[in-house]
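Heads up: the structure comes next, in structure tokens.
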Amino acid sequence: MLANILCMILLVLPFTKSLDNGLARTPPMGWMHWQRFRCVTDCAAYPDDCISEKLFRDMADHMVSDGFKDAGYEYVMIDDCWASKERDNVTGRLQPNPDRFPSGIKALANYIHDKGLKFGIYADYGTLTCAGYPGSIDHLELDAQTFADWGVDYLKFDGCNSDVMTMESGYSLMSAYLNATGRPIAYSCSWPAYQEPIGIHPNYEQMSKVCNSWRNWDDIDDSWGNVTNILSWFSKNQDRIAKYSGPGHWNDPDMLIIGNYGLSYEQAKSQMAIWSIMAAPLIMSVDLRTIEAQFRDILLNKEVIAINQDSLGVQGRLELTKDKIDFWIKPIKPIVDDYLSYAIGLLSNRVDGYPYRVNFTLSDLNLVNGNGYMIRDIYDSVTIGEIIKPDDVLFIRVKPSGTVLLTATPLSSSKTVTRI
Ligand SMILES: *[C@@H]1O[C@H](CO)[C@@H](O)[C@H](O)[C@H]1NC(C)=O
Ligand SMILES: *[C@@H]1O[C@H](CO)[C@@H](O)[C@H](O)[C@H]1NC(C)=O
Ligand SMILES: *[C@@H]1O[C@H](CO)[C@@H](O)[C@H](O)[C@H]1NC(C)=O
Ligand SMILES: *[C@@H]1O[C@H](CO)[C@@H](O)[C@H](O)[C@H]1NC(C)=O
């Protein structure tokens with residue numbers, strides 16, 4: 001049986017050598033400015049919101065003081081709109097906007113490193129970034145070196161204004177240039193996000209050899225509809241793409257929008273739960289200075305994060321839909337008597353006002369340990385029943401657009417005997 005399980009885990013991994021920079025062995029966790037702060041550059045009018053060194057220092061401070069660093073969030077990342085509109089006319093290097101980053105990027109990286117955090121930056125494979133700042137297309141090697149010189153630990157490499165058909169070779173070349181700097185830099189690729197929407201199936205096997213993570217599809221905006229659109233795309237394509245996620249290389253459904261304007265409390269718990277089951281990078285994009293406590297607590301929930309960061313590194317999948325409740329499952333540790341544990345997310349697509357009572361059995365989800373399972377409700381921090389056998393009928397109430405997140409831990413034969 002163990003052999004079968006190992007075989008199953010191996011089968012879901014591609015038989016190729018994946019990117020060997022030692023990074024992202026579990027899904028990357030951090031903070032990135034785009035979803036919440038976009039491209040605000042008017043620091044006179046919006047001193048707290050504009051894309052400036054102050055914003056990233058503030059966020060690094062709160063990552064440490066408010067428990068995010070301790071919970072595992074480590075990268076503080078700049079997205080688009082940090083650069084000057086012109087490269088340095090002597091060296092040809094990218095340079096930050098001098099008014100908004102007067103101390104320079106290296107000083108900002110140092111500040112973040114001194115807090116025990118890591119630093120990420122953004123560039124674009126094309127002629128211009130999505131917001132119209134200088135692109136990297138004719139400067140790949142120089143830009144890789146510049147980022148290494150600055151102390152960059154993570155590069156988000158976008159794909160606006162580029163030739164989509166050259167992305168596989170171009171992104172691979174950038175990966176080689178990053179490697180050649182000698183500095184380990186986690187490399188987030190955007191090439192599928194430009195190929196998938198126009199119907200091209202990108203070469204995920206090659207991607208998992210050169211990128212630590214990749215944005216598969218469209219950008220998230222601040223709405224529940226965006227979350228459900230993304231989940232629907234990922235579930236439709238899970239048989240094709242999930243197998244390429246694993247330690248060192250991850251599918252990325254985009255940032256967490258928890259704590260912003262668009263999600264209710266229940267919806268925020270849903271995004272956190274299902275992103276964790278999908279082994280998605282957990283990249284917050286929220287104002288950590290003003291986030292409400294109830295949303296902060298979702299982002300800091302250690303048991304949910306543990307599901308996301310589980311060392312098996314298997315991307316979960318939509319297994320069953322019943323009564324408009326989606327059942328997402330992800331194999332996790334511990335393995336007991338050769339049986340895997342699972343995280344189970346029951347996500348309601350219902351709108352009929354009350355917590356809907358759905359029934360199911362563990363065998364409906366192919367959890368078949370005859371000795372049964374211990375079931376824990378993660379958000380409510382309670383154990384459901386003593387021993388749940390595969391064919392026992394469970395009744396769970398799920399709020400509209402909410403998610404009940406469970407873990408099922410197999411019981412061993414000896415434990416069953418002592419409990420009975
Ligand atoms: C180079 O850039 C600097 C500052 O951005 C500017 O003062 C100078 O005139 C530029 N030189 C040339 C040759 O364009
Ligand atoms: C560069 O690639 C080699 C071979 O895959 C690997 O051993 C090394 O750790 C990489 N170095 C960096 C800095 O990513
Ligand atoms: C997010 O929602 C906006 C507004 O409905 C839409 O334009 C955009 O395409 C959506 N993106 C995704 C990924 O669903
Ligand atoms: C379980 O749910 C189904 C609907 O999916 C319903 O028809 C059935 O009566 C329920 N079973 C019990 C025991 O409540």
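Positions are given from 1, in the same order as the sequence printed here. Whatever order the structure lists ligands and atoms in, that order sets their numbers, starting from 1. Given the structure is predicted, the values throughout are model-derived calculations rather than measurements.
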For the pair W191 and C211, evaluate side chain to side chain contact (heavy atoms under 4.5 Å, CB included) and give the outcome as yes or no after the intermediate values. CA-CA 10 Å; W191 111 61; C211 306; 4.0 Å; yes
Protein heavy atom under 4.0 angstrom of atom 14 (O) of ligand 3, is there one? yes
Give the atoms of ligand 4, by number and element, whose distance to some non-hydrogen atom of D323 is under 4.0 Å. 4 (C), 5 (O)
Tell me whether the centres of the aromatic rings in Y154 and F119 are closer together than 6.0 Å. no
Protein non-hydrogen atom below 4.0 angstrom of atom 11 (N) of ligand 3 present: yes
Run down the list T361, I325, N359 and name the one with the heavy atom closest to atom 6 (C) of ligand 4. N359
L320 and its side chain to side chain contact (heavy atoms under 4.5 Å, CB included) partner, picked from I325, L365, D326: L365
Answer yes if the side chains of Q145 and T181 hold a donor-acceptor pair under 3.5 Å, and no otherwise. no
Atom 4 (C) of ligand 3: protein heavy atom closer than 4.0 Å? no
Looking only at side chains, do T361 and D364 share a donor and an acceptor under 3.5 Å apart? yes
So is there a nitrogen or oxygen of N21 less than 3.5 Å from a nitrogen or oxygen in ligand 2? no
Side chain, backbone, both or neither: I220 near ligand 3, heavy atoms under 4.0 Å: neither
Ligand 3-proximal atoms of N229, by part, heavy-atom distance under 4.0 Å: side chain
Looking only at side chains, do D252 and N216 share a donor and an acceptor under 3.5 Å apart? no
Could you say whether the N/O atoms of D218 and ligand 3 ever approach to under 3.5 Å? no
For G182, counting its heavy atoms only, list the atoms of ligand 2 lying under 4.0 Å from any of them. 13 (C)
Is the NZ or CZ atom of K269 positioned over Y379's six-membered ring, under 6.0 angstrom from the centre and within 45° of the axis? yes
Please indicate whether any nitrogen or oxygen in R183 is less than 3.5 Å from any nitrogen or oxygen in ligand 2. no
